[in-house]
Amino acid sequence: MTSTSDHQPADARSDWEARIALRSDEEGTTSGIPQLAPPGDLTATAGVGHVRLSWSPVPGAVGYLVHRAPLRDGVPTGEPTPIDHLGGDVLSVPDTWYVDTTGEPGKPYAYAVAAVPEVTVTGPLSAPIHAAALPADGNAPTVALRVDADDEGVPLPRPWQPMIGSERLSQLLCTDTSGGREIGRELLAALRRIRQEIGVETVRAHSILHDDLAVYREVNGAPVIDFTGVDRVYDLLLSIGLRPVVEIGFMPRDLASDPDRTVFEYRGVISPPKDWDRWAELVRALVAHLLERYGETVLSWDFEVWNEANLEVFWSGTRDEWMRLYDVTAKAVKDVDPRIPVGGPSSAAAGWVDALLEHANRSGAPVDFVSTHTYGSPPLDLRPTLHRLGFPDARILWTEWGVTPTHFHPVNDGTSAATFLLSGMRSAAGRVEALSYWVASDHFEELGRPPRLLHGGFGLITVGGIAKPRYHALRMLAQLGETELSVQASGDGADGLVQSWASRRADGGLAILVWNSTLDQSKRDGDPALARHIRLAVEGAAGRTVMVTRLDREHGDVTTLAEQLGVADWPTGEQWDALRAADSLPVEKVDTRARGGAAVVELHLPQPGAVLIEVAGS
C-alpha cells in the first residue's frame, strides 16, 4: 500500500508522509518513450449532472489524461489542468471515454485530452471542446438497454478471479484479538469465503521473509534457514483451495545492509542485502523447498520480486540496486526450475514498468509477467508497452488495485467503492490476466489494528466477517455466466455514467449487471441528479421469470445499516446479530411486461448503485 490519511491513529503516522512520495531522484529516466499525437475526434455529450467525453484511440497509448479549464465569455480563463476525481493516485484512464461529474451543472468548461505513453509522461493536448453538464429538473432520465438472449456471444473474461490481496500471511497464525475477534481465525475465514463464493484462485501478500516467520538468521556469522513458519501459512492457504503468489520480500534483519530501515507497524526491513550471494542462496532455498514440499503445483505459482521499490518507503536503496535485486532474485528462482514464472516490478502508480523491461533487455533477466499497482482509476493498458519493449507474451498482473491508496478513508466502506470496482473490472476485462483487489479482510495492520468496525479499512470484509459493498460487487460479478452478450444502450448516461455487462449461463439463463458510477469521489455519498431510470428489454425472454438483486445505499451497504443500528466503535452483541442477518443481498422477483418477444424490466438506479438482473432459462 502507498499512502495514509488524517483518519489514521495518531501513533501510526510516524514519518510515513515524508517518505511516501515517488522516488523523484530517479523517476522518468527511461529512454525511448514514444512521442504520441493528441487524440482526435474529441466529442462531448452533455447529460444531467455530467459530461461524457469520447475520443479516438492513439496507437501506443497506455492511457489518457483528461484536462479542463473554466470558460468566461466562451474563452478559457487559464490553461487546462487534469481533472482530479480524488482517487489519490494515477488520474489517467485507459479507455477512450471519460465521465466528468466534478463540474458545476450549467457552467461551461473547455475540455482537452492527452495521450499517455508511460505513466510519468503526458503528450500534447487535443484541440479543446466546450460543454456544460445539464442541471437536474427532478426527473431521472431514462437509459434504455437491449440484450438478445439468443446472441451468439463470446467467452466472458473474469479478471477478478485469479487473485486477491491479503494482510501478510503470518497473521493467519495470530491468536490476538482485534475488536474482540481472533485475528488469524477471521482472516482465514475471509479468505475461505472469497474462495468459495467468488472463486478466487490465489492470494498475494507482503513479507513472507519477515522475521516473524523466522526464515533466516545468522549464528556465529553462518546462515541458518528454516521454512517451518512458511510451511504453516502456506499449508493453511492450500487447505482452503487457494495458492500463494510469492512476493519475495522483505529483507530478513540478519541479512539486511541497514536493518533499521523498516516499514509499517510490523517493521518490515526495506534495505538491500548486505551479502548478495547469501540473498540468492536464500531465494534458491525457498523455491527448492516449496517445490519439494508441494510438488509441481509450484510451477503454476507466480514469484514476484519485492513490493513498490519505486517508493522510498519500501526500498532504501537506489533504482539500480533494485534492478540488481531483480536480476539476482529472478536468476535464483530460475536456477531451481526455469519453468517457474517470475516478474515485477510490483510498483506503485504503474511506475518502473518501462525501466524494468529496458533493463531486462540489457541484462537478459527473465520477465514472465509484469506486475504493478494503481488506485482510484481503472488500470492502465500496458499492452502497448510490452509490445514496444519486446515482451509481448508477458502476462499483465495488477497485483494491487483499489478505490484509494489511503488508509482509513471512508470511501472504502460504502457503495461508491463497489460501483468503482465494477467499472474497473469491466475496463480491464480481456486485457489483463488478473486485477487483484487490495485486500480481502479488515484484519490488516500496516498502520495499526482497526480502531473501530467502520474505519475506512481496505478490506472487502469487516472485522467480524460482515461483507462490505465491494465484496457484494465481486459476488455479483461471480454470478455472470460463461458467455458475454452485447448490450445496446441509449439515453442520457448510457455507456458512461450507466454501464452494463450481460451474460448467458450454461443453462440458458441470463445474468445482466447494470450499475451507475462515477470516478468522482466527491460523489461517494451519492448525487440525486445522477440517478437514472433503467428500461431493459431482453429479446427472446418474454414470459420468463426475472429476479433482481440490488446493491445501493439502502441495500447491502453496511455503513447505512450500522448507522441505523447506532453502532459506536464496535457493535454490541445484538448489533452483531443484526449485521450478520443482513450480510447477504436479498433477491426479489420483479414484474415484467412483454413487448413482442421481449421481456421488459424497468427500475430506478441511484448513484451509486448496481443491480443484477437474472432471467431464467427457457
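By convention here, the first residue in the shown sequence is residue 1.
Here the rule is side chain to side chain donor-acceptor pair (under 3.5 Å) with K468, and of T559, N412, D442 only D442 fits it. Checked against S346 for a side chain to side chain donor-acceptor pair (under 3.5 Å), the options E400, R204, E247 give a single hit: R204.
Ring to ring, F420 and W401 are close: their centroids are under 6.0 angstrom apart. Checked against the 6.0 Å centroid criterion, the rings of F227 and Y216 do not qualify as a close aromatic pair. Close placement of the W306 and W315 rings is indicated, their centers lying within 6.0 Å of each other. Taking the six-membered ring where the residue is Trp, the centroids of W438 and H206 are separated by under 6.0 Å. A distance of 6.0 Å or more separates the ring centres of H359 and Y326.
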Salt bridge (Lys or Arg N to Asp or Glu O under 4.0 Å) assessment of E265 paired with R449:
CA-CA 9 Å; E265 290 288 292; R449 290 179 178 168; over 6 Å; no
Test E182 against T177 for side-chain hydrogen bond (donor to acceptor under 3.5 Å, both in side chains), laying out the working first.
CA-CA 4 Å; E182 185 174 312; T177 61; over 6 Å; no
Between F264 and F444, does the ring pair (Phe, Tyr, Trp, His ring centres under 6.0 Å) criterion hold? Intermediate values first, please.
CA-CA 11 Å; F264 298 142; F444 185 81; 7.7 Å; no
Just do the side-chain hydrogen bond (donor to acceptor under 3.5 Å, both in side chains) check on S347 and T372 with the steps written out, would you?
CA-CA 5 Å; S347 54; T372 189; 2.8 Å; yes
Report the C-alpha distance between H443 and E186 in whole Å, list the side-chain angles of each, state the deciding distance to 0.1 Å, and finish with yes or no for side-chain hydrogen bond (donor to acceptor under 3.5 Å, both in side chains).
CA-CA 8 Å; H443 283 293; E186 284 209 343; 2.8 Å; yes
Does W301 form a ring pair (Phe, Tyr, Trp, His ring centres under 6.0 Å) with Y234? I'd like the steps, not just the answer.
CA-CA 12 Å; W301 296 8; Y234 282 176; 5.8 Å; yes
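A donor-acceptor pair under 3.5 Å links the side-chain atoms of T202 to the main chain of P162, judged by distance alone. For the pair S257 (side chain) and P272 (backbone), a donor-acceptor distance under 3.5 Å is present. Remark: side-chain polar atoms of R475 are paired, donor with acceptor, to backbone N or O of E197 under 3.5 angstrom. In this structure, N310 contributes its side chain and W352 its backbone to no donor-acceptor pair below 3.5 Å. S427 places no side-chain N or O within 3.5 Å of a backbone atom of G424 that could act as its donor or acceptor partner.
Contact of the I248 side chain with the V283 side chain is registered, since non-hydrogen atoms from C-beta on lie closer than 4.5 Å. Here the side chains of I164 and V439 are not in contact, with every heavy-atom distance at 4.5 Å or above. Contact annotation: the side chain of V342 never approaches that of T329 to less than 4.5 Å [non-hydrogen atoms, C-beta and beyond].
Judged purely by distance below 3.5 Å, without hydrogens or angles, the side chains of R168 and Q171 pair a donor atom with an acceptor atom. Looking at Y294 and D235, their side chains do bring a donor and an acceptor atom within 3.5 Å of each other. When only modelled atom types and interatomic distance are considered, H85 and S377 share a side-chain donor-acceptor pair under 3.5 Å. Under 3.5 Å, the side chains of H373 and T399 contain a donor-acceptor pair of N or O atoms.
Taking the side chain to side chain contact (heavy atoms under 4.5 Å, CB included) definition, one finds that V121 meets it with I33, P117, E118, sequence neighbours left out.
Heavy atoms of other residues, nucleotides or ligands lying less than 6.0 angstrom from CZ of R185 number 12 at most.
Taking a cutoff of 4.0 Å between a charged side-chain nitrogen and a carboxylate oxygen, R324 and D320 do not qualify as a salt bridge. Look at R195 and E201 and you find no salt bridge, because none of the NZ, NE, NH1 or NH2 atoms lies under 4.0 Å from a carboxylate O. Checked for salt-bridge contact, K274 and D258 miss the test: no charged N lies under 4.0 Å from a carboxylate O. With respect to the salt-bridge test (charged N to carboxylate O, under 4.0 angstrom), the residues R217 and D211 do not qualify. The pair R293-D231 counts as a salt bridge, with a side-chain nitrogen and a carboxylate oxygen less than 4.0 angstrom apart. A salt bridge between R339 and D368 is absent, with no side-chain N of the basic residue lying under 4.0 Å from a carboxylate O of the acidic one.
Closest of all the heavy-atom pairs between A222 and R278 is CA-NH2, 4.5 Å. The two atoms that bring V313 and I270 nearest to each other are O-CD1, 3.3 Å, heavy atoms only.
C174 SG to L169 CG: the interatomic distance, rounded to the nearest 0.5 Å, is 13.0 Å. Rounded to the nearest 0.5 angstrom, L382 CG and I396 CD1 are separated by 5.0 Å.
Both the sub-6.0 Å distance and the 45° axial angle are not jointly satisfied by R267 relative to the ring of F250. Cation-pi geometry between R470 and Y437 is not satisfied (NZ or CZ under 6.0 Å from the ring centre, within 45° of the ring normal).
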